[in-house]
Each structure stands twice: as structure tokens, then as C-alpha cells.
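Only this structure's heavy atoms are used, side chains among them; waters, hydrogens and symmetry mates stay out. Only a predicted model underlies this, so the values are computations on that prediction, with no experimental measurement involved.
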Amino acid sequence: MSSRLVGVGVGPGDPELVTVKGVNALRAADVVVVPVMDTGERGRAEATVAHYVPAEKIVRVVFALNERTDRARREAAWDAAGRRVAELLEAHACVAFATIGDPNVYSTFTYLAQTLVELVPGVVVETVPGITAMQDLAARSGAVLTEGTEPLTLVPVTAGAAVLKEALAGPGTVVAYKFGRQAAEVAEALKETGRLADAVWGSALGLPEESVRPAAELDGSPLPYLSTLIAPPRRDGGRGGKL
């Protein structure tokens with residue numbers, strides 16, 4: 001039988017936001033891989049998984065999670081991580097990979113799966129969806145992501161503040177991921193596009209250090225890297241006004 005690699009979305013950090021299907025997938029796997037940076041600290045995925053499976057079942061694998069400038073170093077780290085997971089797939093019928101959020105939304109799992117398809121012929125790749133940071137922030141802040149015919153645009157600010165500004169100039173709600181290091185540019189873009197008043201941001205959702213605040217309080221100070229922003233459009237048509 002072919003080995004199986006299952007990417008499991010474990011949500012933004014709150015262990016209670018892992019789906020029942022996600023928990024079942026983690027427990028059914030022979031081992032659960034969690035990504036860690038080369039500094040070795042425990043990440044959100046590992047902390048969440050530890051609520052549902054025993055420690056001896058968790059395998060920590062180093063990924064270049066924070067490497068964006070040195071492509072050679074990043075590629076070497078991906079190759080090393082892929083080889084380690086390939087070894088696990090040779091020894092086990094089912095390997096789960098836990099990723100924060102959803103495995104198909106800006107996830108480390110995407111790159112791992114591409115690597116493993118080449119390294120392990122016949123491997124079966126599956127994913128279990130997870131709750132995203134934008135959904136969690138919407139619930140915690142009371143922000144409505146979409147109404148009626150409104151579009152929803154998701155932008156990683158690592159692509160540059162100009163990309164965010166272009167999205168904010170358009171219709172519908174704009175969600176920005178990973179904007180913490182460019183908080184000043186984001187605040188300025190919100191002001192220029194008239195989106196500041198109703199926007200909210202959050203970080204460390206579901207964790208003791210959680211912060212959920214109006215974007216109007218952004219003062220340009222750097223925020224945690226994994227901060228999320230929701231900037232709804234103006235809604236002045238009353239109930240059902242966007243239908």
C-alpha cells in the first residue's frame with residue numbers, strides 16, 4: 001500500500017479550534033510532524049497538537065520558516081526537511097503534518113507536499129481543512145468578513161505594502177496576513193484609502209498574550225509577525241444593503 005501524507009490544519013493557536021476531523025486525523029496517524037525553526041522553540045502547531053496526541057508521537061522537523069532572502073539556504077532547508085519526512089513515510093503508513101491555520105492557505109505544507117511527491121513515488125497526499133486566523137479574528141472582534149455580493153481579498157503583506165494599498169482601493173473586505181513588521185506602512189495605507197475607522201487587527205489569537213484592537217490604535221510600532229488585519233468596506237445601505 002502507498003504511504004499517506006496528511007496535512008492537518010490546527011487553527012490559529014486556540015486548541016479548541018481544531019476540528020473534530022482534524023483531531024481524528026492527528027490521532028489516526030502513526031506520527032505527527034510539527035515544523036520548528038532552527039532556533040528550536042516550540043511553535044503554535046506543536047503546542048496545539050500536544051493537546052491531542054502523546055509527546056512520543058510528535059516528531060519535530062526543522063523548516064526555514066523565517067528565511068526569505070537567502071534562497072539557497074531556504075532550498076537546502078526544504079530539501080533536508082523533505083528527506084526527514086520521506087524517512088518517516090518509509091517507516092510508517094500514515095504521517096500527519098500539523099500546520100497552523102489551513103494547509104491550503106499560505107501553508108508550509110504546500111512546499112513539503114511538492115517535495116515529497118518527488119522523493120516518495122506513489123505517496124498519497126491528503127489535507128484536512130483548518131480554521132483560519134481571519135475567521136478567528138472576525139469572531140473575536142465582531143467584524144463581518146463579507147455580506148451579499150462583496151468580494152473578499154486576502155493579502156500577505158510580505159508581498160509589499162503597495163499590494164495591500166491596491167487591494168484596499170478596491171471593493172469588499174481586505175484581510176492582511178503577516179503585516180506586523182510593516183505596521184506603519186499598513187496604518188498609512190488604511191488612512192489613505194479611508195479604511196481605518198472600521199478596521200481591526202489581532203495577534204496571538206486564542207493564546208494568553210492575545211491582542212485584538214481597532215486599527216485606529218496603530219501607532220507605527222512593530223507588531224508580532226503573525227498579526228492579522230480585517231478592513232471591511234463601508235456598509236451604509238442598511239440590512240441586506242449589499243445583496
Side-chain angles (χ1 to χ4, degrees), residues 1-15 17-19 21-133 156 158 177-178 204 207 224-226:
M1 293 180 64
S2 299
S3 54
R4 292 168 57 232
L5 175 67
V6 185
V8 183
V10 296
D14 183 346
L17 290 182
V18 184
T19 67
K21 186 169 185 177
V23 172
N24 288 341
L26 294 173
R27 290 175 173 168
D30 298 303
V31 293
V32 179
V33 173
V34 294
V36 297
M37 293 193 293
D38 54 12
T39 50
E41 69 260 28
R42 192 187 206 197
R44 293 189 193 182
E46 182 178 0
T48 302
V49 168
H51 283 262
Y52 297 106
V53 300
E56 59 268 21
K57 191 172 172 176
I58 299 173
V59 179
R60 308 175 92 231
V61 175
V62 174
F63 285 79
L65 299 173
N66 58 345
E67 181 56 71
R68 297 190 175 277
T69 57
D70 189 335
R71 181 168 183 173
R73 178 179 177 274
R74 182 175 67 239
E75 294 292 335
W78 283 121
D79 290 342
R83 289 192 296 269
R84 177 68 181 106
V85 178
E87 293 173 355
L88 294 171
L89 285 166
E90 291 175 0
H92 302 284
C94 181
V95 174
F97 180 89
T99 178
I100 60 171
D102 181 277
N104 294 304
V105 180
Y106 299 131
S107 171
T108 304
F109 180 75
T110 300
Y111 313 119
L112 177 66
Q114 291 172 353
T115 304
L116 268 298
V117 166
E118 296 181 2
L119 290 177
V120 184
V123 64
V124 175
V125 178
E126 302 173 0
T127 57
V128 178
I131 292 173
T132 61
T158 48
Y177 276 1
K178 306 175 183 179
L207 302 176
Y225 174 64
L226 290 177

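Inter-residue side-chain proximity for V125 and V117 is flagged as met; some heavy-atom pair is nearer than 4.5 Å. By the 4.5 Å heavy-atom criterion applied to side chains, D14 and L207 are not counted as neighbours. V49 is listed as a side-chain neighbour of I58, based on a closest heavy-atom distance under 4.5 Å. Proximity of V34 to V59: side-chain heavy atoms (C-beta onward) are nowhere separated by under 4.5 Å. Residues C94 and V6 have side chains in contact (heavy-atom distance under 4.5 Å, counting atoms from C-beta outward). No side-chain heavy atom of P35 sits under 4.5 Å from any side-chain heavy atom of V61. Looking at Y225 and T158, their side chains come closer than 4.5 Å, going by heavy atoms from C-beta outward. You'll find the side chain of N24 stays beyond 4.5 Å of the side chain of V128, heavy atoms only.
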Inset, instruction - Report the C-alpha separation of T108 and W78 in whole Å, then their side-chain angles, then the decisive distance to 0.1 Å, and conclude whether the side-chain contact (heavy atoms from CB on, under 4.5 Å) test is met. - result: CA-CA 10 Å; T108 304; W78 283 121; 3.4 Å; yes
Legend entry - Step-by-step side-chain hydrogen bond (donor to acceptor under 3.5 Å, both in side chains) determination, N104 to T127: CA-CA 8 Å; N104 294 304; T127 57; 3.2 Å; yes
Inset, instruction - Test F109 against L5 for side-chain contact (heavy atoms from CB on, under 4.5 Å), laying out the working first. - result: CA-CA 10 Å; F109 180 75; L5 175 67; 3.8 Å; yes
Legend entry - Check against ring pair (Phe, Tyr, Trp, His ring centres under 6.0 Å), F63 and F97: CA-CA 12 Å; F63 285 79; F97 180 89; 5.6 Å; yes
Inset, instruction - Begin from the C-alpha positions of V120 and S3 and carry the test side-chain contact (heavy atoms from CB on, under 4.5 Å) through to its verdict. - result: CA-CA 9 Å; V120 184; S3 54; 3.9 Å; yes
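With rounding to the nearest 0.5 Å, the separation of CZ in R84 from CG in D79 is 16.0 Å. For the atom pair CG (L119) and CD (Q114), the distance works out to 12.0 Å, reported to the nearest 0.5 Å. Atom CG of residue D102 and atom OG1 of residue T132 lie 7.5 Å apart, to the nearest 0.5 angstrom.
In this view, R27 and V23, Y52, V53 satisfy the side-chain contact (heavy atoms from CB on, under 4.5 Å) rule, not counting sequence neighbours. Looking at residues two or more places apart in sequence or on another chain, you find a side-chain contact (heavy atoms from CB on, under 4.5 Å) between L226 and R44, I100, K178. Taking the side-chain contact (heavy atoms from CB on, under 4.5 Å) definition, one finds that H51 meets it with P15, sequence neighbours left out. Among residues two or more places apart in sequence or in another chain, the side-chain hydrogen bond (donor to acceptor under 3.5 Å, both in side chains) test is passed with D30 by none. Legend: residues meeting side-chain hydrogen bond (donor to acceptor under 3.5 Å, both in side chains) with T115, ordered by chain and number and at least two apart, are absent. Listed by chain and number, the residues in a side-chain hydrogen bond (donor to acceptor under 3.5 Å, both in side chains) with E126 are R4 (sequence neighbours excluded).
For the residue pair S107 and T99, a side-chain donor N or O sits within less than 3.5 Å of a side-chain acceptor on the partner.
Looking only at distances, no side-chain donor or acceptor of K21 sits under 3.5 Å from a matching main-chain atom of G130.
The minimum heavy-atom distance between A25 and V8, with the atom names listed, is CB-CG2, 3.9 Å. Contact detail for V10 and A98: the closest heavy-atom pair is CG1-CB, 4.1 Å. Here the shortest heavy-atom pairing between P103 and G7 reads CG-O, 3.6 Å.
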